[in-house]
Number of protein chains: 4
Amino acid sequence: MTEAHVADGRTRRREDTKQRLFEAAVELIAEQGFSATTVDDIALRAKVAKGTVYYNFASKTALFEELLRHGIDQLTEEFRAAVAGRPPREAVAALVHAQLEFIRRYQSFAQLLLSEMWRSNREWQQTLLLLREQAISVIAETLQAGVDSGDLRAELDVRVASSALFGVGLVVAVDWLVFSPERPVEEVERGLMAIVQRAT
Amino acid sequence: MTEAHVADGRTRRREDTKQRLFEAAVELIAEQGFSATTVDDIALRAKVAKGTVYYNFASKTALFEELLRHGIDQLTEEFRAAVAGRPPREAVAALVHAQLEFIRRYQSFAQLLLSEMWRSNREWQQTLLLLREQAISVIAETLQAGVDSGDLRAELDVRVASSALFGVGLVVAVDWLVFSPERPVEEVERGLMAIVQRAT
Amino acid sequence: MTEAHVADGRTRRREDTKQRLFEAAVELIAEQGFSATTVDDIALRAKVAKGTVYYNFASKTALFEELLRHGIDQLTEEFRAAVAGRPPREAVAALVHAQLEFIRRYQSFAQLLLSEMWRSNREWQQTLLLLREQAISVIAETLQAGVDSGDLRAELDVRVASSALFGVGLVVAVDWLVFSPERPVEEVERGLMAIVQRAT
Amino acid sequence: MTEAHVADGRTRRREDTKQRLFEAAVELIAEQGFSATTVDDIALRAKVAKGTVYYNFASKTALFEELLRHGIDQLTEEFRAAVAGRPPREAVAALVHAQLEFIRRYQSFAQLLLSEMWRSNREWQQTLLLLREQAISVIAETLQAGVDSGDLRAELDVRVASSALFGVGLVVAVDWLVFSPERPVEEVERGLMAIVQRAT
DNA sequence: TATGAATGAGGTTTCATTCAT
DNA sequence: CATGAATGAAACCTCATTCAT
């Protein structure tokens with residue numbers, strides 16, 4: 001019954017299922033929030049039985065934490081790729097571009113972040129804080145390098161600025177996608193860039 | 001039928017209760033979100049019995065909607081007071097100041113707005129949209145006056161800019177209060193103003 | 001404050017209130033049943049405040065029991081008036097007529113009786129049983145007199161027949177009022193009489 | 001996807017549960033009425049957890065509506081079987097017999113019908129009206145056939161008579177079971193038949 | 001005599017989680 | 001690897017009753 005040569009197929013199938021569950025969950029949570037999204041909803045949208053959610057994740061919270069980790073890991077990677085080998089000011093521009101691109105592709109995830117990031121007292125707050133730190137640190141390192149090299153203003157408070165930049169990028173992009181999706185990306189990017197240059 | 005002073009006393013008592021419920025609810029929802037906040041929690045914090053919540057509001061959702069309305073009405077009023085009789089660029093600065101001041105005083109309400117404003121598919125989405133429109137329209141009118149008088153750039157897309165300004169003010173202020181509350185207001189206001197001036 | 005000469009007016013006012021509450025309650029309970037009818041409903045329909053219900057009756061159940069008593073007392077009286085001084089067969093006919101007349105005037109009360117009379121396990125079951133007994137005993141006495149005088153069949157089981165007659169009169173009349181109110185009373189009475197004569 | 005015998009086993013299990021819930025509910029509602037019967041009561045008597053009630057029925061009301069449908073479908077079927085192939089007067093007698101038999105077997109359901117059928121303004125009134133129509137139509141068809149063939153009086157108002165017959169059968173049978181269960185069926189049936197023959 | 005705000009026990013309903021298949 | 005019936009704790013909400021005015 002559990003023959004070795006099918007293990008691969010099974011693993012793949014399982015990965016598929018997890019992926020489907022991630023996608024279903026991220027959409028629903030973006031729309032309604034974590035608490036308002038039921039495991040039934042998720043299973044229904046992912047087209048699996050409810051038990052399958054628990055076969056693949058320890059709990060609803062665990063599913064959500066994996067989701068956050070997965071998403072932010074990806075964002076961090078894209079941030080790192082964007083700045084790699086670029087001089088400070090160019091790197092900052094590349095970060096803005098990368099963030100915008102990411103949010104465009106994963107709008108639901110971005111909405112979800114915007115909703116959860118500035119709350120307090122939730123189970124996963126600790127996890128989220130750590131993950132936030134991880135993504136923002138790429139921005140911070142870039143700004144710090146700019147300050148060190150003299151390309152950016154010496155008085156810049158790097159920690160504060162990175163945090164704000166991340167936040168501003170998030171709202172502006174999400175606001176765009178939700179309330180004026182007909183606007184071209186380039187325009188939004190230009191607007192964002194103007195803000196960022198001024199602020200740094 | 002009933003004597004006036006009796007009715008008055010009763011009305012006042014009831015208004016007190018509603019106010020207490022609003023305060024309890026706004027804090028809890030800011031911390032945990034709407035769905036994660038129970039009516040028991042709210043009643044407990046407001047120091048009334050659970051039934052009292054339902055005597056004063058038709059449902060948990062209705063309480064939340066009144067809360068939103070109440071908060072945004074106040075914000076709108078403060079916006080209006082801020083711009084009254086001021087020339088365009090000064091009016092914009094006054095708006096930023098007013099928003100910051102409001103958020104500082106009603107941090108919980110601001111966190112709650114940040115969490116709910118860019119979602120989709122919640123019961124009160126329609127209400128929220130209208131309320132958002134109401135607050136943002138003050139910004140829009142101000143910007144429009146500036147464009148008309150030549151004080152602001154003619155190419156400015158007023159609708160888009162008002163929406164973005166509102167959002168940016170919200171994240172920056174909340175990010176400040178949540179992650180670096182030790183920073184002085186003036187500094188945050190300066191930073192925000194720099195962004196805004198650049199963007200308009 | 002409590003001067004003697006106004007006591008009369010007060011009593012009258014109170015009686016008015018009770019009457020209004022009875023009327024409101026009987027209608028609502030006929031429509032929805034006792035448990036589904038709330039004290040709020042009753043107060044609303046009687047156009048008094050909720051507290052007034054409790055000022056006039058000890059409890060919701062007490063109000064209902066008084067209602068039952070009041071209604072059945074009246075029915076019993078009308079039964080007694082109908083049979084008074086009549087020979088057996090004529091008395092039976094008069095009873096049928098009286099019951100029909102009563103139900104026509106107090107349709108709600110009749111619906112309510114039909115709904116409650118053949119249940120078990122309700123708080124007021126005991127009260128209701130006694131009241132039922134009281135009304136039915138008039139029928140039983142009449143039938144017994146008929147049997148004794150030889151006007152009615154000797155084999156007639158008086159207890160059983162009175163019970164059945166009461167029930168049949170109730171359903172037939174209520175069914176008429178609810179499902180074919182356009183039919184003339186006389187016709188219904190003729191139909192009912194045919195049944196009764198045959199059965200006795 | 002799932003093997004057939006698994007699905008079957010599951011279906012059977014679920015049907016069992018629903019049946020148990022129907023039985024528990026019908027008894028309790030007959031005793032106390034719909035509103036006074038709690039979901040806890042039902043679950044307790046059916047020996048399932050409360051959640052199971054809601055896994056199987058959308059709401060307490062939905063459970064009750066399915067119950068009504070289920071019961072009246074069965075009664076209708078027995079009515080149809082009773083009249084099948086019989087000449088008019090014999091068919092009428094068979095209907096009376098069938099109704100009595102049904103009520104004897106499902107006393108609770110009959111009590112519940114008697115309590116609900118002549119009310120107004122309840123959620124399920126519409127459903128009940130339709131179901132009532134369905135059962136009564138068998139009686140009406142039978143009477144109509146009798147009138148057409150000349151076996152029954154030509155002046156008979158078929159609609160009114162069917163309705164009344166149904167009602168009279170119900171009260172008489174329930175009155176018997178509740179207040180003089182010691183009486184033999186045959187006697188009750190004879191009494192009922194006398195009424196019916198006279199009325200038709 | 002009447003009022004209506006407030007209460008809290010208890011009702012209906014939801015939902016994360018378990019488990020036998 | 002996946003299923004879906006069942007569970008029960010905990011959520012939302014209702015309502016008979018109390019009480020200060």
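A note on names: the letters A, B, ... follow the listed sequences, proteins ahead of strands, and every chain is numbered from 1. These values consider heavy atoms only, across backbone and side chains, with no hydrogens, waters or symmetry-generated copies.
- Other residues, nucleotides and ligands place no more than 12 heavy atoms under 6.0 Å from the CD atom of B:Glu123.
- In this structure, A:Ala58 and C:Thr52 both approach DNA chain E, and ranking their closest nucleotides by distance from the 5' end singles out C:Thr52.
- A residue-by-residue look at A:Val48 and D:Lys47 shows that A:Val48 has its nearest nucleotide of DNA chain F further toward the 5' end.
- Pairing partner, F:dA20: E:dT3, with both Watson-Crick or wobble hydrogen-bond distances short of 3.5 Å.
- Atom-to-atom, OH of A:Tyr54 to P of E:dA20 comes out at 18 Å; the value is rounded to the nearest Å.
- Counting to the nearest Å, the P atom of F:dT14 and the OH atom of B:Tyr55 are 15 Å from each other.
- For D:Arg13 and F:dT3, the CZ to C1' distance is 12 Å, given to the nearest whole Å.
- In this model, the phosphate group of F:dA2 is approached by a side-chain N or O of A:Thr17 to a distance below 4.0 Å at OP1 or OP2.
- Computed from coordinates, the A:Phe57 CZ to F:dA2 C1' distance equals 14 Å when rounded to whole Å.
- Between D:Thr38 and A:Thr37, the one whose closest nucleotide on DNA chain E sits nearer the 5' end is D:Thr38.
- Atom NZ of D:Lys18 and atom P of F:dA6 are 11 Å apart (whole Å).
- The side chain of C:Asn56 places no N or O atom within less than 4.0 Å of a non-bridging phosphate oxygen (OP1 or OP2) of E:dT1.
- Whole-Å rounding puts the D:Lys50 NZ to E:dG11 P distance at 9 Å.
- Counting non-hydrogen atoms under 4.0 angstrom, B:Val53 reaches nothing in the nucleic acid.
- The interatomic distance linking D:Arg14 (CZ) with F:dT3 (P) rounds to 16 Å, in whole Å.
- Rounded to a whole Å, the CG atom of D:Asp40 is 19 Å from the P atom of F:dC13.
- The B:Ala49 side chain lies nearest to E:dT7 when the options are E:dT7, F:dA5, E:dG10.
- Relative orientation of the A:Phe64 and A:Trp124 rings is perpendicular, given thresholds of 30° and 60° on the angle between their planes.
- For C:Phe22 and C:Phe57, the gap between ring centers is short of 6.0 Å.
- Checking D:Arg14, D:Glu15, D:Lys18 one by one against D:Asn56, the side-chain hydrogen bond (donor to acceptor under 3.5 Å, both in side chains) holds for a single residue, D:Arg14.
- Both tests hold for C:Lys60 against C:Phe34: distance to the six-membered ring centre under 6.0 Å, angle to the ring axis within 45°.
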